[in-house]
Amino acid sequence: MPITHLLISWYHESCRPLPWRMTTNPYLIWISEVILQQTRVDQGNPYYQRFAERFPTVTALASASEADVLLQWQGLGYYSRARNLHKAARTIVDKYDCQLPGSSAELIKLSGIGPYTASAVASIAFKEPSPAIDGNVMRVMARYYSADSKVNSPELKKLCTIAIRVMMQNHHPGDVNQALMELGALICRPAAPMCTVCPIQQGCSSFSTGSQSKFPVPAQKAKPRNRYFVYLVLTGIEREAPYIVLRKRAKGDIWQGLHDFPLIETKETPTDSAITDSLLWKSLLPTVRPSLLHATYLKHQLTHQTLHCWFIRQSTENLSTGLNEQEYLKIPFDRLHHFPFPRLIQRYFELRRTMDNDDAPI
DNA sequence: TTCCTGAAAG
DNA sequence: CTTTCAGGAA
């Protein structure tokens, strides 16, 4: 029995009944692929369900505001995926007559669709024989061929492309792509692969020499840089309603389009005097003396940055001057759930709720 | 190179 | 408990 047959038979018997496998709707297949980029199935699944319900068509997605889309995406990370999804939906409505383009060559022109997603969608939705090569697939192939090229290298991608094209000659391209990804997720896992139940064990070079753990050869990883954030958590009461001051994050840095608090960033571990010296503190609270010792500290790890964050609570009664209302938003507590926040800020809110363990959400 | 998070590993 | 890891596009 040829290896590809064994793989595809295994896939048809053992594939998980995931919601996006229950549809032939190219739009929903696209959504699921974007959500699953850099995201595990268990984490992405509930997001897919809610997203598909809230935005059932390209038109629905294109009609929504970016903030609405980000709100649905809140907590998933890599928020550019949500912004790009929204942008691409508008392109599809404006330039493609509300229909998802039917080839990988056209799909790849859309925001947020790269070689992997273009091939995945085109192969699954349109039967195009285009290999979809992600980290899972590269791991499977590197082990199968004991390939020395590093993960993500052009060499390894080329090897994958050629081998998978051959597999697609006698099988549904979407099944071949999904079978390889499913094998990588369920059997040929990063650690402790389950070679004893692997459908393509008999052809696997690494298995034959017991060298599974040597492949794929890892790429070198960059070291994260440290950043130091001092957040001012300003609360007050206006017209009997408690509010908190938020700031929408701008372009050119992390979390763009999401919300956090007025921020003092320092180059090194902040000191109380560094805070009083900052422009923001001098303009808002020149008579108040900050204490980092009494601030809430949270550490937050991103791919390329380690954030060290202190949260200083102040009542806005102490404010010397008015806030710039263009930049800073006074938001009543009961409207906070309309705003998308990064996980760090959600964690801060959760922490406050636990510490106060009473009525106030802040 | 840069973007984020939750699960896994230590 | 803290740190590392997995996962594509621009």
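Everything numeric here is computed off the predicted structure, so don't read it as measured data. Lettering follows sequence order; numbering is per chain, from 1.
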| message | Applying the 5.5 Å / 30° rule, does His304(A) stack onto the base of dT1(B)? | response | no
| field | Spacing of Lys299(A) atom NZ relative to dT2(C) atom P, expressed in whole Å | value | 8 Å
| request: Over 60° means perpendicular and under 30° means parallel, so classify the ring planes of Tyr348(A) and Phe311(A), tilted if in between. | output: parallel
| remark: Taken to the nearest whole Å, NZ/Lys221(A) to P/dT3(C) is 16 Å
| said: Nearest whole Å is fine: how far is dC3(B) P from Trp73(A) CH2? | reply: 18 Å
| query | Is any NZ, NE, NH1 or NH2 atom of the basic residue among Asp134(A) and Lys157(A) found under 4.0 Å from an Asp or Glu carboxylate oxygen of the other? | reply | no
| query | How would you label the contact of Arg139(A) with the nucleic acid (heavy atoms, under 4.0 Å): base, sugar-phosphate, or nothing? | reply | sugar-phosphate
| request: Could you identify which residues cluster with Leu232(A), counting Ile, Leu, Val, Met, Phe, Trp and Tyr as linked when any side-chain heavy atoms lie under 4.5 Å apart, either directly or through a chain of such contacts? | output: Tyr228(A), Val230(A), Leu234(A), Tyr243(A), Val245(A), Ile264(A), Ile275(A), Leu280(A), Trp281(A), Leu284(A), Leu285(A), Val288(A), Leu292(A), Tyr297(A), Trp310(A), Ile312(A), Leu319(A), Leu323(A), Tyr328(A)
| Does a nitrogen or oxygen in the side chain of Gln37(A) sit under 4.0 Å from OP1 or OP2 of dG7(C)? | no
| remark: The single option from Phe51(A), Tyr48(A), Tyr78(A) that satisfies ring-ring contact (aromatic ring centres under 6.0 Å, His included) with Trp73(A) is Phe51(A)
| task | Could you list the residues that satisfy salt bridge (charged side-chain N to carboxylate O under 4.0 Å, His left out) with Asp175(A), not counting sequence neighbours? | result | none
| message | Tell me the interatomic distance from Asp253(A), atom CG, to dT2(B), atom C1', rounded to whole angstroms. | response | 11 Å
| field | Separation of atom CD1 in Ile35(A) from atom C1' in dA9(C), rounded to whole Å | value | 16 Å
| Is it the case that Arg343(A) and Gln346(A) place a side-chain donor and acceptor less than 3.5 Å from each other? | yes
| message | Could you tell me how far apart Leu107(A) (CG) and dA10(C) (P) are, to the nearest whole angstrom? | response | 12 Å
| field | Interatomic distance where CZ belongs to Arg189(A) and P belongs to dA8(B) [whole Å] | value | 11 Å
Between protein and nucleotides 5-7 of chain B, what N or O pairs are separated by less than 3.5 Å?
| residue | atom | partner | partner atom | Å |
| --- | --- | --- | --- | --- |
| dT5(B) | OP1 | Tyr79(A) | OH | 2.8 |
| dT5(B) | OP1 | Arg343(A) | N | 2.6 |
| dT5(B) | OP2 | His300(A) | NE2 | 2.6 |
| dT5(B) | O3' | Gly75(A) | O | 3.0 |
| dG6(B) | OP1 | Arg343(A) | NE | 3.0 |
| dG6(B) | OP2 | Arg343(A) | NE | 3.0 |

| query | Counting any heavy atom closer than 4.0 Å, what does Asn136(A) reach on the DNA or RNA strands: base, sugar-phosphate only, or nothing? | reply | sugar-phosphate
| message | Let me spell it out: for each of Gly112(A) and Thr39(A), pick the nucleotide of DNA chain C with the closest heavy atom. Which residue's pick is nearer the 5' end? | response | Thr39(A)
| Under 4.0 Å between a side-chain N or O of Gln305(A) and OP1 or OP2 of dC3(B)? | yes
| query | Would you call the rings of Phe341(A) and Phe339(A) parallel, tilted or perpendicular if under 30° counts as parallel and over 60° as perpendicular? | reply | tilted
| said: Please confirm whether the shortest side-chain N or O distance from Ser111(A) to OP1 or OP2 of dA9(C) is below 4.0 Å. | reply: no
| query | Whole Å only: how far is the CD1 atom of Ile254(A) from the P atom of dT2(B)? | reply | 13 Å
